[in-house]
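So the structure is just underneath, and the comments pick up after that.
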Amino acid sequence: MLRTFARAFRTPDLRRKLLFTIGIMVLFRVGSFIPTPGVDYGAIAQMQEQAAQNDLLSLINLFSGGALLQLSVFALGIMPYITASIIVQLLRVVIPRFETLHKEGQSGQTKLTQYTRYLTIALAVLQSTMVITTARTGQLFGNTGTDVQLIYNDGPMTIALMILTMTAGTGLIMWLGELITEKGVGNGMSLLIFTSIVAGFPGSMASILQRGGQGNAVTNFIVVLVVFLAVIVAVIFVEQSQRRIPVQYAKRMVGRRTYGGSSTYLPIKINTAGVIPVIFASSILSLPSMLLQFAGDRQLPEVFNWLQRNLHSTAGFYMLLYGLLIIFFAFFYTAITFNPEETADNMKRYGGFIPGIRAGKPTAEYLTYVINRINTPGAIYLAIVALIPQVLFGALGITQNLPFGGTTLLIIVGVGLDTVKQIESQLQQRHYEGFLR
């Protein structure tokens with residue numbers, strides 16, 4: 001990997017792209033520390049030290065690089081865009097127009113991207129309103145028992161300005177991500193998420209040394225680091241694994257030319273759904289605790305008290321439900337994003353077939369059979385990767401929320417591998433161009 005980056009920096013054109021990408025990432029981090037107008041930054045710092053963190057807020061704060069709990073300009077981070085992208089993908093199943101646009105190629109994808117942008121801004125308005133409301137009522141950092149005023153002037157104009165600022169920050173992040181994709185290296189949105197997650201690592205590792213849970217803090221730190229590196233190696237191995245289904249294209253005459261007659265393969269990854277099932281499961285399990293947080297000191301039925309005791313990241317019931325939800329969403333999301341009938345029709349249209357399998361419906365049934373078999377170990381793998389950090393932290397007695405969950409590991413490895421592959425492909429392309437000259 002280091003050799004790849006060294007070769008990339010020796011190539012002038014690629015070096016400019018890399019420096020442009022790094023500059024955008026630095027600008028994104030700087031924006032995470034600029035406070036929103038109307039926020040008392042001293043009170044924010046005081047509350048962060050005393051806050052009892054909520055799992056859902058921790059997840060959103062993770063994707064914002066710590067900007068959420070600082071109420072900065074980039075407080076919402078990239079989460080509205082992620083949510084909008086997932087909603088647009090799911091709507092393809094419900095709205096025929098979206099599915100038609102998806103099949104239209106580049107023009108249809110451009111239209112879907114436009115819808116995603118509009119939905120991102122709408123979600124940013126809703127989420128910024130919720131964040132500011134919870135900050136005004138003191139619930140953003142949990143029930144800390146203090147009367148610290150986070151917003152020193154909560155008049156209508158100030159609140160409107162804060163909502164507008166956070167929404168504009170989300171729009172700016174979306175634009176920066178698209179700039180990286182267009183003029184830099186790698187997928188812009190993924191790299192911004194990568195930047196947000198990696199930015200929290202030094203502070204998290206330092207917190208393990210300071211509050212290392214049960215036993216020796218240094219020993220716990222070494223154990224966490226070793227397990228963390230081992231899980232990364234395992235994730236790299238699985239993420240690069242794929243089932244290659246052979247596809248043969250028959251020869252066909254178009255005018256005087258012969259096309260086809262080649263052999264290729266259809267790659268199917270073991271983890272087809274990516275990190276989405278983990279995000280879905282984390283969000284759903286975090287909602288009850290967030291709703292209970294707004295209840296304050298009011299008397300609640302016993303079932304709610306039971307949920308409050310058992311729906312935290314180190315509880316056995318939470319881990320069991322978390323794993324089952326990940327497995328369910330792995331199958332659910334794969335069924336939405338991978339359409340065997342569409343793939344079989346495309347293969348048939350261009351004269352392709354799987355050796356030993358008839359074209360058309362038998363091919364679709366075979367692809368469904370293969371994807372379900374591959375999804376089973378893939379879903380179990382996702383559940384294990386997501387649960388290993390929580391089991392480890394529970395065993396070591398580490399209670400603070402740390403960005404070492406399955407979501408972060410999968411994103412770090414996935415984005416890193418994808419970026420390196422794109423750099424290598426561009427280096428290879430320039431090598432061939434130099435050879436031809």
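Counting from 1, the numbers follow the sequence of the chain as shown.
- In this structure the side chain of T195 reaches within 4.5 angstrom of the side chain of R29, judged on heavy atoms.
- With sequence neighbours excluded, no residue forms a salt bridge (charged side-chain N to carboxylate O under 4.0 Å, His left out) with R15.
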In a table with atom names and distances, give each donor-acceptor pair under 3.5 Å that connects a side chain of residues 414-421 to protein atoms at least two apart or in another chain.
| from | atom 1 | to | atom 2 | distance (Å) |
| --- | --- | --- | --- | --- |
| D418 | OD2 | Q422 | NE2 | 3.3 |
| T419 | OG1 | V415 | O | 2.8 |

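- Looking at every heavy atom in both residues, V370 comes nearest to I268 through CG1-CD1, 4.3 Å.
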Pairs under 3.5 angstrom only: tabulate donor-acceptor contacts from the side chains of residues 74-87 to other protein residues two or more places apart or in another chain.
| from | atom 1 | to | atom 2 | distance (Å) |
| --- | --- | --- | --- | --- |
| T83 | OG1 | M79 | O | 2.9 |
| S85 | OG | Y81 | O | 2.9 |

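- Look at K17 and E182 and you find no salt bridge, because none of the NZ, NE, NH1 or NH2 atoms lies under 4.0 Å from a carboxylate O.
- Qualifying side chain to side chain contact (heavy atoms under 4.5 Å, CB included) partners for V198, counting only residues two or more places apart in sequence or in other chains: F194.
- Figure legend: cation-pi geometry between R92 and F98 absent, as NZ or CZ is not positioned both under 6.0 Å from the six-membered ring centre and within 45° of its axis.
- Taking every heavy atom of both residues into account, T36 and S72 meet most closely at OG1-O, 2.9 Å.
- Under 3.5 Å, the side chains of Y265 and Q248 contain no donor-acceptor pair of N or O atoms.
- Inter-residue side-chain proximity for M347 and I354 is flagged as met; some heavy-atom pair is nearer than 4.5 Å.
- Residue S128 comes nearest to I163 through the heavy atom pair OG-CG2, 3.4 Å, listed as atom of the first residue, atom of the second, then distance.
- The closest side-chain heavy-atom distance from L382 to L410 is below 4.5 Å.
- Shortest non-hydrogen contact noted between V278 and A386 is CG1-CB, 4.3 Å.
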List the atom pairs, with distances to 0.1 Å, where a side-chain N or O of residues 330-341 and a protein N or O form a donor-acceptor pair under 3.5 Å, not counting sequence neighbours.
| from | atom 1 | to | atom 2 | distance (Å) |
| --- | --- | --- | --- | --- |
| Y333 | OH | Q89 | OE1 | 2.2 |
| T334 | OG1 | A330 | O | 2.7 |
| T334 | OG1 | N375 | ND2 | 3.3 |
| T337 | OG1 | Y333 | O | 2.9 |
| N339 | OD1 | E341 | N | 3.1 |
| N339 | OD1 | E342 | N | 3.4 |

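- Residues satisfying the side chain to side chain contact (heavy atoms under 4.5 Å, CB included) criterion with P377, sequence neighbours excluded, are absent altogether.
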